[in-house]
Amino acid sequence: MDDQTRLELEAAAFRRLRDHLQTRTDVQNIDLMNLAGFCRNCLSRWYQEAAAERGVEMSKDDAREKVYGMPYDEWRAAHQREATPEQSAAFDAAPKAH
């Protein structure tokens with residue numbers, strides 16, 4: 001496989017993951033962190049870091065909007081629930097993505 005095809009496939013897989021997470025608003029970020037070690041905020045940070053590595057200026061809010069599909073505060077107001085004590089305990093005990 002040539003590099004361009006690999007890049008296009010990786011980009012398509014990322015877009016599909018992003019789109020899937022945008023439709024699965026029932027899945028909370030804390031659940032993603034507890035189960036997979038990353039969440040939507042991690043994806044948006046990685047997106048922003050990738051932009052910076054290529055000399056593209058992107059704010060944290062802009063990167064989050066790319067991942068969430070709407071402004072972060074709007075998503076939080078519409079979809080984020082308070083973490084349960086069990087979720088919080090699992091989060092505190094879980095290794096974190098970097």
Side-chain angles (χ1 to χ4, degrees):
M1 177 184 313
D2 64 81
D3 287 344
Q4 183 61 36
T5 300
R6 180 189 50 77
L7 182 67
E8 290 170 7
L9 294 175
E10 290 171 352
F14 171 80
R15 287 190 301 270
R16 189 162 180 183
L17 173 61
R18 179 206 58 205
D19 294 349
H20 179 75
L21 290 174
Q22 286 177 2
T23 63
R24 290 298 310 270
T25 57
D26 60 310
V27 178
Q28 298 294 294
N29 280 334
I30 196 164
D31 295 324
L32 289 169
M33 285 298 295
N34 289 344
L35 293 172
F38 78 98
C39 69
R40 293 169 183 90
N41 290 331
C42 297
L43 283 177
S44 64
R45 188 182 76 244
W46 298 337
Y47 194 93
Q48 182 185 21
E49 289 169 357
E53 288 171 5
R54 287 154 185 81
V56 176
E57 182 130 353
M58 179 177 291
S59 72
K60 182 178 183 178
D61 289 337
D62 287 342
R64 282 183 169 178
E65 191 164 341
K66 299 280 189 213
V67 170
Y68 283 89
M70 64 181 69
Y72 179 59
D73 289 339
E74 186 178 317
W75 190 92
R76 286 181 55 201
H79 305 293
Q80 186 167 310
R81 297 184 307 270
E82 192 69 33
T84 66
E86 295 80 14
Q87 288 172 316
S88 294
F91 178 80
D92 291 339
K96 307 298 184 271
H98 300 287

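All figures in this text were calculated on a predicted structure; none of them were measured in a lab. What's counted below: heavy atoms across the whole structure, side chains too, no hydrogens, waters or symmetry copies.
Of all heavy-atom pairs between Arg24 and Arg40, the closest is O-NH2, 2.9 Å. Across Gln87 and Asp31, no two heavy atoms sit closer than the pair NE2-OD1, 2.8 Å. Residues Gln28 and His79 come closest through the heavy atom pair NE2-O, 2.9 Å. The heavy-atom pair separating Ala83 from Ser88 by the smallest distance is CB-OG, 3.6 Å. In terms of heavy atoms, Asn41 sits closest to Tyr68 at OD1-OH, 2.7 Å. What you find for Ser59 and Gln48 is that their closest heavy atoms are C-NE2, 3.5 Å.
Residue Leu35 is not grouped with residue Leu43 when hydrophobic side chains (ILVMFWY) are merged at heavy-atom distances under 4.5 angstrom, including chains of intermediate members. Clustering ILVMFWY residues whenever any of their side-chain heavy atoms sit less than 4.5 angstrom apart, transitively, puts Phe14 in the very cluster that holds Trp46.
Listed by chain and residue number, nothing satisfies the salt bridge (charged side-chain N to carboxylate O under 4.0 Å, His left out) test with Asp2 (two or more places apart in sequence, or in another chain). Annotation: salt bridge (charged side-chain N to carboxylate O under 4.0 Å, His left out) contacts of Glu10 (sequence neighbours excluded): Arg6.
Interatomic distance, Arg18 CZ to Thr23 OG1, rounded to the nearest 0.5 Å: 11.5 Å. One finds the CD atom of Glu74 at 14.5 Å from the CZ atom of Arg64 (value rounded to the nearest 0.5 Å). Interatomic distance, CE of Met33 versus CZ of Phe38, reported as 9.5 Å (0.5 Å rounding). Considering SG of Cys39 and CG of Leu21, their distance stands at 9.5 Å, rounded to 0.5 Å. In this structure, Gln4 CD and Glu8 CD are separated by 4.5 Å, a value rounded to the nearest 0.5 Å. Rounding to the nearest 0.5 Å gives a distance of 10.5 Å between CH2 of Trp75 and CD of Gln22.
A donor-acceptor pair is defined here as one N or O able to donate and one able to accept, closer than 3.5 Å; no such pair exists between the side chain of Glu57 and the backbone of Ala52.
Side-chain atoms of Met58 and Tyr47, non-hydrogen and from C-beta on, do get closer than 4.5 Å to each other.
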